[in-house]
Number of protein chains: 2
Amino acid sequence: MNKAEILIIDDEPQIRKLLTINLENHDYKVVQATNGKEGIALAAAHPPDLIILDLGLPDINGQEVLKELRSWFTSPIIILSVLDGEDDIVIALDHGAADYLTKPFRSGELLARIRSAIRRNQNSDQHTELIFKELKLDLVARQVWLRNEVLKLTSTEYNLLLLFAKNEGKVLTHRFLLREIWGASYVHETQYLRVFVAALRKKIEANPNKPEYIITESGVGYRFL
Amino acid sequence: MNKAEILIIDDEPQIRKLLTINLENHDYKVVQATNGKEGIALAAAHPPDLIILDLGLPDINGQEVLKELRSWFTSPIIILSVLDGEDDIVIALDHGAADYLTKPFRSGELLARIRSAIRRNQNSDQHTELIFKELKLDLVARQVWLRNEVLKLTSTEYNLLLLFAKNEGKVLTHRFLLREIWGASYVHETQYLRVFVAALRKKIEANPNKPEYIITESGVGYRFL
DNA sequence: TAATTTTTATAAAAATTAATAAAAACCCCC
DNA sequence: GGGGGTTTTTATTAATTTTTATAAAAATTA
């Protein structure tokens with residue numbers, strides 16, 4: 001097995017150094033970023049197996065970095081923070097953080113929590129892809145594959161498909177879809193949806209008039225399978 | 001969706017009470033055990049969606065209970081303990097605990113960690129089917145097969161058939177069916193039902209005027225199979 | 001049992017909602 | 001400022017749901 005790769009996003013050099021030495025001693029490969037922007041870029045360029053994220057970053061609020069990462073990065077993110085407020089912890093966990101440790105932390109415990117997070121993630125190995133039958137969404141590259149071909153989707157088409165894919169099985173109302181993709185003032189432009197759903201179906205469905213992915217819920221909205 | 005079920009294994013009555021009230025307020029179903037043996041037995045009898053395990057139990061060492069549970073129980077186990085020693089934490093996590101909190105703990109944080117653990121655990125969607133004689137409902141694909149052909153059902157037709165199939169054998173009143181499919185304000189639109197039952201029968205029954213699947217219960221409702 | 005009332009089945013219409021093509025407007029990016 | 005691609009608008013057709021009408025079946029009553 002290859003070394004698991006861990007990305008550290010933290011602006012304090014001494015913390016980065018401590019973590020790096022510790023992790024490398026335990027046979028992890030370490031990549032470092034000193035601010036949020038760099039961290040997101042590095043994660044996108046080459047998704048690591050786990051991210052350690054400090055909430056107190058110089059450029060972007062750590063919770064925002066977490067949200068941004070969580071929109072496509074599916075491996076665990078462990079939060080390190082000096083903040084011990086319950087709200088900070090709850091918000092981070094609800095935004096999809098795998099764990100939350102307050103500084104100062106104990107190395108052994110952090111390592112155990114890293115092992116735990118990586119172990120648990122192995123079962124639900126989603127990586128940065130969502131797969132549905134013949135369809136594969138690469139969240140990092142924003143590319144969609146159907147069988148062996150890359151589909152050419154416009155930005156709106158991709159956003160809509162991603163929204164469907166993230167809510168597999170649920171009925172999504174016209175209102176919800178329009179608000180999410182176009183914004184609150186477009187909630188009555190149902191026709192936009194019809195046009196883009198038709199465009200998507202043309203590209204992803206074997207037979208667009210018997211759709212298998214995007215199902216119409218007449219009078220309500222759509223459902224993705 | 002059904003309530004998630006949580007098993008609390010803790011010998012302190014006041015902790016159990018506090019947890020139970022808190023969890024039930026957040027719409028979890030709670031089951032309690034006061035020692036390790038009882039906890040293992042309850043988990044085996046009816047596996048919950050998550051276990052909260054206190055390490056300081058009167059009969060068996062909590063770490064042993066964890067090991068025993070982990071040999072077959074696959075949903076998350078969160079450890080609660082007065083012990084704050086790094087070794088205890090590392091051992092528990094390496095034995096497969098999803099998380100470790102020390103008492104006294106903060107309720108909001110515990111709830112967030114429970115949500116996080118449950119969220120990460122739910123990944124495996126099975127392809128469930130319901131089969132009735134010649135009829136097969138594929139719940140994931142929302143497709144209905146009669147012998148070897150896919151039936152073309154409208155969304156409402158499918159929803160109605162699914163509702164029947166999920167309540168095989170029971171008499172379903174008009175009121176109930178209308179409320180489930182159309183909503184509470186439609187409970188008197190009995191005629192809708194008649195139209196859609198007729199449409200379904202036309203598609204699934206060999207002989208629609210001698211129905212074998214959807215049986216009329218005059219004055220009351222219908223019964224499936 | 002016959003007559004009456006209630007309930008059910010079905011077809012078909014009207015109304016609503018959805019799908020699709022194609023034209024017009026918009027937006028970048030060079 | 002032109003051109004390729006994308007989004008928005010418009011128009012038309014198709015599908016689904018709701019409403020109406022009517023005949024048949026079942027239940028009730030005397």
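What you are looking at is a predicted structure, and each value in this text was computed from that prediction instead of being measured. First the proteins, then the strands, lettered A, B, ... as listed; each starts at 1.
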| Rounded to whole angstroms, how far apart are OH on A:Tyr192 and P on C:dT17? | 20 Å

What pairs of nitrogen or oxygen atoms, one from the protein and one from nucleotides 5-8 of chain C, lie under 3.5 Å apart?
{"from": "C:dT7", "atom 1": "O3'", "to": "B:Gly219", "atom 2": "N", "distance (Å)": "3.2"}
{"from": "C:dT8", "atom 1": "OP1", "to": "B:Gly219", "atom 2": "N", "distance (Å)": "2.6"}
{"from": "C:dT8", "atom 1": "OP2", "to": "B:Arg194", "atom 2": "NH2", "distance (Å)": "2.5"}

| query | Applying the side chain to side chain contact (heavy atoms under 4.5 Å, CB included) test to B:Phe196, which of B:Arg201, B:Glu157, B:Gln191 qualifies? | reply | B:Glu157

| message | Rounded to whole Å, how long is the line connecting atom CH2 of A:Trp182 with atom C1' of D:dT6? | response | 12 Å

| Which of these passes side chain to side chain contact (heavy atoms under 4.5 Å, CB included) with A:His26: A:Ile21, A:Ile6, A:Leu111? | A:Leu111

| request: Measure the distance from OH on A:Tyr186 to P on D:dT7 and round it to the nearest whole Å. | output: 12 Å

| request: Would you mind reading off the distance between A:Glu189 atom CD and D:dT7 atom C1', rounded to a whole angstrom? | output: 12 Å

Validation: residues 170-186 of chain A side-chain donor-acceptor distances under 3.5 Å, sequence neighbours left out:
{"from": "A:Lys170", "atom 1": "NZ", "to": "A:Asn167", "atom 2": "OD1", "distance (Å)": "3.3"}
{"from": "A:Thr173", "atom 1": "OG1", "to": "A:Phe176", "atom 2": "N", "distance (Å)": "3.0"}

| request: Test A:Asp10 against every option in A:Asn35, A:Ile15, A:Leu53 by the side chain to side chain contact (heavy atoms under 4.5 Å, CB included) rule and name the one that passes. | output: A:Ile15

| field | Integer-rounded Å distance: D:dT16 C1' and B:Ile181 CD1 | value | 15 Å

| Could you give the CD-to-C1' distance, from B:Glu157 to D:dA15, as a whole number of Å? | 11 Å

| task | Can you spot which of B:Leu18, B:Leu50, B:Leu110, B:Ile52 makes a side chain to side chain contact (heavy atoms under 4.5 Å, CB included) with B:Leu23? | result | B:Ile52

| Within less than 4.0 Å of OP1 or OP2 of C:dA9, is there a side-chain N or O belonging to B:Lys202? | no

| query | Are B:Val30 and B:Leu7 side-chain neighbours, meaning at least one heavy-atom pair lies under 4.5 Å? | reply | no

| Given atom NZ of A:Lys203 and atom C1' of C:dT20, what is their separation to the nearest angstrom? | 15 Å

Protein-nucleotides 25-30 of chain C N/O pairs under 3.5 Å:
none

| said: Pair A:Thr190, A:Arg194 - check side chain to side chain donor-acceptor pair (under 3.5 Å), show working. | reply: CA-CA 7 Å; A:Thr190 319; A:Arg194 301 210 175 100; 5.3 Å; no

| request: Mind checking the CG-CD1 spacing from A:Leu101 to A:Ile79? Nearest 0.5 Å is all I need. | output: 10.0 Å

| query | Has A:Lys133 got its NZ or CZ under 6.0 Å from the middle of the six-membered ring of A:Tyr213, at an angle within 45 degrees of the ring axis? | reply | yes

| Residues in side chain to side chain donor-acceptor pair (under 3.5 Å) with B:Asn22, at least two apart? | B:Ser107

| Rounded to 10 degrees, the angle between the two terminal axes of the helix from C:dT1-D:dA30 to C:dC30-D:dG1, each from five pairs | 30°

Between the protein and nucleotides 12-16 of chain C, list the N/O to N/O atom pairs that are separated by less than 3.5 angstrom.
none

| query | Which whole-number value in Å describes the distance from A:Ile215 CD1 to D:dA15 P? | reply | 16 Å

